[in-house]
Amino acid sequence: MTTWNEFTSIPNGTQVLNHSWDQCVALANLYHESVIGGSFVPVASAYQWWTLFNLFPTLYQNYTQSYTPVAGAIFIARYGIYNAPDGHIGVVTGVNGDGSFNTMEQNAGTWRYVGRYTRSMSNILGFLIPKNNPA
């Protein structure tokens, strides 16, 4: 297992490969498997972590769906700044007083590399809050 601090210490510019994938879902699966202790989520699109949540025991056993950002949660978005029909996914590292939240993502502004961003609620489908939140 990896700790929250070890995971969030992955430097910007790192390319995370997980199950031979290197896009945004690879980073989310790395977090889910190595920090939360779940099993690989075999979906092709980031938004399916939200829309197919109830079909994957590894998700509904480990998370609660929410519309409120919390450090340690996984966020799922679609369209807007993410501009992809497959959606986008990342990990919330902090929440700000203005309603925005800080993230750790891969394949966002830095093509297929880890980066950190401040996001708004625009185009957010929701958040998966770990039942045993490590943050």
Side-chain angles (χ1 to χ4, degrees):
M1 289 286 282
T2 301
T3 68
W4 168 255
N5 288 337
E6 289 168 336
F7 179 81
T8 58
S9 293
I10 296 171
N12 287 347
T14 301
Q15 184 178 38
V16 171
L17 292 172
N18 188 283
H19 299 273
S20 300
W21 294 97
D22 65 350
Q23 295 194 11
C24 60
V25 172
L27 184 68
N29 258 315
L30 178 67
Y31 175 69
H32 173 66
E33 292 174 286
S34 67
V35 179
I36 303 301
S39 60
F40 179 66
V41 180
V43 296
S45 299
Y47 78 89
Q48 291 175 319
W49 283 56
W50 186 258
T51 59
L52 301 179
F53 179 81
N54 289 323
L55 297 180
F56 292 97
T58 192
L59 290 179
Y60 66 76
Q61 289 170 356
N62 287 293
Y63 301 91
T64 301
Q65 287 183 306
S66 174
Y67 295 101
T68 304
V70 173
I74 293 174
F75 79 88
I76 301 98
R78 195 163 186 201
Y79 301 117
I81 63 170
Y82 307 99
N83 198 24
D86 292 329
H88 189 65
I89 193 168
V91 178
V92 177
T93 58
V95 179
N96 304 310
D98 65 359
S100 66
F101 53 96
N102 303 323
T103 66
M104 183 175 170
E105 306 170 33
Q106 182 161 275
N107 199 31
T110 51
W111 181 251
R112 295 192 178 181
Y113 297 97
V114 172
R116 285 165 175 78
Y117 306 91
T118 299
R119 302 295 192 194
S120 72
M121 291 296 292
S122 179
N123 299 100
I124 298 295
L125 293 175
F127 300 88
L128 302 181
I129 312 293
K131 291 181 179 174
N132 292 312
N133 195 337

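None of these values were measured; they are calculated from a predicted model.
Interatomic distance, CD1 of Ile89 versus CZ of Phe75, reported as 8.0 Å (0.5 Å rounding). Rounding to the nearest 0.5 angstrom, the gap separating the CG atom in Asp22 from the CG atom in Leu17 is 5.5 Å. To the nearest 0.5 angstrom, Thr14 atom OG1 is 10.0 Å from Tyr113 atom OH. Atoms CG and OG1, from Leu27 and Thr103 in turn, are 10.0 Å apart once rounded to the nearest 0.5 Å. The structure places CD1 of Ile74 at 11.5 Å from CD of Gln65, a figure rounded to the nearest 0.5 Å.
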Take Val91 and Val35 through the test side-chain contact (heavy atoms from CB on, under 4.5 Å) and record every step on the way to the result.
-> CA-CA 12 Å; Val91 178; Val35 179; over 6 Å; no
Report the C-alpha separation of Ile36 and Phe7 in whole Å, then their side-chain angles, then the decisive distance to 0.1 Å, and conclude whether the side-chain contact (heavy atoms from CB on, under 4.5 Å) test is met.
-> CA-CA 11 Å; Ile36 303 301; Phe7 179 81; over 6 Å; no
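Summarising the geometry of Gly126 relative to Tyr67, their closest heavy-atom pair is CA-CD2, 4.4 Å, with the distance given to 0.1 Å. Nearest heavy-atom pair across Ser34 and Leu30 is OG-O, 2.6 Å. Between Met121 and Gly99, the shortest heavy-atom distance links the atoms CG-O, 4.2 Å. When all heavy atoms of Cys24 and Gly87 are compared, the closest pair comes out as SG-O, 4.5 Å. Nearest heavy-atom pair, Val92 versus Val95, reported as atom, atom and distance to 0.1 Å: CG1-CG2, 4.3 Å. Heavy-atom minimum distance, Glu33 versus Asn18: OE1-OD1, 3.1 Å.
For the side chain to side chain donor-acceptor pair (under 3.5 Å) with His88, the qualifying choice from Glu105, Arg78, Gln23 is Glu105, the only one to do so.
Sequence neighbours left out, the pairs with a member in residues 42-51 that pass side-chain hydrogen bond (donor to acceptor under 3.5 Å, both in side chains) are Ser45-Asp86.
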Using residues 128-135 as the side-chain source, report each donor-acceptor pair under 3.5 Å to any protein atom, sequence neighbours left out, with the distance given to one decimal.
from   : atom 1 : to     : atom 2 : distance (Å)
Lys131 : NZ     : Tyr60  : O      : 2.9
Asn133 : OD1    : Ala135 : N      : 3.0
Asn133 : ND2    : Ala71  : O      : 2.9

Could you pull out every donor-acceptor pair under 3.5 Å between side chains of residues 52-59 and any protein atom, sequence neighbours left out?
from  : atom 1 : to    : atom 2 : distance (Å)
Thr58 : OG1    : His32 : NE2    : 2.9
Thr58 : OG1    : Ser39 : N      : 2.8
Thr58 : OG1    : Ser39 : O      : 3.4
Thr58 : OG1    : Ser39 : OG     : 3.3

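Judged by distance alone, the side chain of Gln106 and the main-chain N or O of Val16 form a donor-acceptor pair under 3.5 Å. Under the 3.5 Å distance criterion, the side-chain polar atoms of Tyr31 are matched with a main-chain donor or acceptor of Gly72.
Under the 4.5 Å side-chain heavy-atom criterion for ILVMFWY residues, no single connected hydrophobic cluster contains both Met104 and Trp21.
With no hydrogens or angles considered, a side-chain donor-acceptor pair links Ser100 and Asp98 at under 3.5 Å. In this structure, a donor-acceptor pair under 3.5 Å is present between the side chains of Asn96 and Asn102.
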